[in-house]
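Every chain is numbered from 1 and lettered A, B, ... according to where its sequence line falls, protein lines coming before strand lines. Hydrogens, waters and symmetry mates are skipped; everything else that's a heavy atom, side chains included, is used.
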Amino acid sequence: MPELPEVETVRAGLSALVQGATIQGVTVPYPKVITGDVEQFKAQVLGCTFERFDRRGKYLLFRLSNHHTIVSHLRMEGQYSVEPIEATPHKHTEIIFKLTDDRALMYNDTRRFGRLQLVETGQEGQAVDGLGKLGPEPTAAYLKLDYMVKIFQKSHRMVKPFLLDQSKIAGLGNIYTDEVLWQSKIHPESLTDHLSQEQIAELRTNIIAEIKRAIAEHGTTVHSFSNVFGKVGEFQNKLEAYGRVGEPCHRCGTPMIKFKVAQRGTTICPVCQIKQ
DNA sequence: TTTATTGTTGAGTT
DNA sequence: AAACTCAACAATAA
């Protein structure tokens, strides 16, 4: 499931492989992948060059040479691959950008949840609601401690769904949320306004460090994630909570337990992570 | 056959 | 009004 580090890994791969390439044709075997008018999308991107690949939260932003941007969200299982232009599309290929250098950029999505939308560059926030409402990136430069303390203290929600809320902090999903809560010894059902300033500070430090480490390891492959080169990430070997139900906690040895928090599978150490 | 899984959205509720 | 909750979306594996 691509969260921020996986999306960043895809961005870096696209940047390395496709930056500067020009679109000579587009086919859309699964038209629903496009939000908006498909014919208009095809007409507008034809002949454009991919000038740059940006990312905001879990959204990919393909900057085109005609002052438009393709906003691409991978949702659950979206993947990009670069292939020879005559390559046969996969079973779940939803869009194919044929490039003038005889390669093709394909988007594949077994769950069919991901979407692409063409917007005017600079208007992404207005055109894509979730993108406009994103909270700060989980980095030291953007995620300030006073902001964290402020939003935690004025809310009464459980900390896990709060961290999953992209409008508070951008980019965290189910995996990294379980990881940082384990690292911070915080129970996922603790209320945000019951946490001490020290706990919020530690949580912030762990979020920033964890995202940075996961990006350095090219993301986590739990189900199907692979980057543009078809390679899996390396971070799944370093997970301390997610997927470790029944296995001993790496701090205290207690078997990890799993239950639902706000409809999401959640793995914790029942000894280390005590509800506040 | 049923259930769990995942991120975001939009409808509905407090 | 703003904050929050939850079902829906699609496909697959167990």
Side-chain angles (χ1 to χ4, degrees), chain A residues 1-11 28-36 55-61 71-80 90-95 107-117 119 124-135 137-138 147 150-180 188-194 211 214 219-226 232-233 235-236 239 241-246 257-267:
Chain A
M1 314 91 224
E3 302 178 31
L4 189 153
E6 293 74 41
V7 178
E8 174 59 22
T9 301
V10 171
R11 187 208 64 76
V28 191
Y30 183 72
K32 274 179 70 178
V33 74
I34 305 292
T35 298
R55 179 195 55 75
R56 176 79 171 92
K58 301 172 193 171
Y59 293 86
L60 287 164
L61 304 166
V71 179
S72 169
H73 199 297
L74 306 173
R75 292 289 192 105
M76 308 293 303
E77 304 207 18
Q79 294 180 346
Y80 281 97
H90 311 141
K91 184 180 168 192
H92 296 291
T93 298
E94 302 192 334
I95 183 162
Y107 176 71
N108 315 292
D109 190 347
T110 53
R111 290 278 179 89
R112 300 193 185 284
F113 261 24
R115 293 291 180 265
L116 281 74
Q117 184 174 355
V119 304
E124 303 86 23
Q126 290 91 306
V128 183
D129 199 47
L131 185 51
K133 290 184 175 146
L134 280 185
E137 292 282 312
Y147 167 81
K150 195 174 74 186
I151 62 170
F152 272 63
Q153 288 184 344
K154 80 169 190 183
S155 169
H156 307 277
R157 294 168 73 183
M158 293 186 290
V159 63
K160 173 152 178 173
F162 191 81
L163 291 175
L164 291 171
D165 184 342
Q166 303 296 298
S167 73
K168 307 301 183 197
I169 302 170
L172 298 176
N174 212 29
I175 296 172
Y176 297 113
T177 299
D178 277 9
E179 293 303 301
V180 297
E189 291 175 324
S190 294
L191 298 176
T192 53
D193 57 339
H194 288 188
I211 294 295
T220 300
T221 300
V222 167
H223 218 194
S224 63
F225 170 73
S226 71
V232 300
F235 201 65
Q236 57 277 9
L239 298 179
Y242 186 91
R244 296 197 66 248
V245 59
I257 60 168
K258 185 172 180 179
F259 57 101
K260 292 244 176 189
V261 178
Q263 274 78 35
R264 295 296 178 230
T266 302
T267 308

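Atom OH of A/Y59 is separated from atom C1' of B/dG7 by 9 Å (rounded to the nearest Å). One interatomic measurement links the two molecules: CZ of A/F259 to C1' of B/dT5, which rounds to 17 Å at whole-angstrom precision. Computed from coordinates, the A/D193 CG to C/dA3 P distance equals 14 Å when rounded to whole Å. One atom, NZ of A/K58, and another, C1' of B/dT9, lie 13 Å apart when rounded to the nearest Å. At whole-Å resolution of the value, CD in A/E77 and P in B/dG7 are 11 Å apart. Distance OH (A/Y176) to C1' (B/dT6): 14 Å, rounded to an integer number of Å. In this structure, A/Q117 atom CD and B/dT9 atom C1' are separated by 13 Å, rounded to whole Å. Distance CD (A/E6) to P (B/dT6): 13 Å, rounded to an integer number of Å.
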Using the 3.5 Å cut-off, write out each protein N or O paired with an N or O of nucleotides 11-14 of chain B and the distance between them.
none

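Remark: A/H73 pairs with A/Y59 by the ring-ring contact (aromatic ring centres under 6.0 Å, His included) rule, at least two apart or across chains. Here A/H194 pairs with nothing under the side chain to side chain donor-acceptor pair (under 3.5 Å) rule; sequence neighbours left out. Annotation: side chain to side chain donor-acceptor pair (under 3.5 Å) contacts of A/K133 (sequence neighbours excluded): A/D129. Remark: A/E8 pairs with A/R11, A/R55 by the salt bridge (Lys or Arg N to Asp or Glu O under 4.0 Å) rule, at least two apart or across chains. Partners of A/F113 according to the ring-ring contact (aromatic ring centres under 6.0 Å, His included) rule, which considers only residues two or more places apart in sequence or in another chain, do not exist here. Applying the side chain to side chain donor-acceptor pair (under 3.5 Å) rule to A/R115 yields no partners; only residues at least two apart in sequence or on another chain are considered. In this structure A/R112 satisfies the salt bridge (Lys or Arg N to Asp or Glu O under 4.0 Å) test together with A/E94, sequence neighbours excluded. By the side chain to side chain donor-acceptor pair (under 3.5 Å) test, A/T177 pairs with no residue at all, sequence neighbours left out.
At its two ends the helix from B/dT2-C/dA14 to B/dT14-C/dA2 runs along axes set 50° apart, each axis drawn from five pairs and the angle rounded to 10°.
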If a protein heavy atom is under 4.0 Å from the base, mark B; if only from the sugar-phosphate, S; if neither, -; do that for nucleotides 4-10 of chain C going 5' to 3'.
SSS--BB
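The phosphate of B/dT8 has OP1 or OP2 within less than 4.0 Å of a side-chain N or O from A/H73. Dashed line: the shortest gap from a side-chain N or O of A/Y242 to OP1 or OP2 of B/dT5 is not under 4.0 Å. Here A/K258 does not reach the OP1 or OP2 of B/dA4: none of its side-chain N or O atoms lies under 4.0 Å away.
Counting only residues at least two apart or in different chains, salt bridge (charged side-chain N to carboxylate O under 4.0 Å, His left out) contacts with residues 153-168 of chain A comprise A/R157-A/D165, A/K160-A/D178.
Note: A/Y30 OH to A/N108 CG = 14.0 Å, rounded to the nearest 0.5 Å.
Just one of A/I211, A/I169, A/L172 meets the side chain to side chain contact (heavy atoms under 4.5 Å, CB included) condition when paired with A/L4; it is A/I211.
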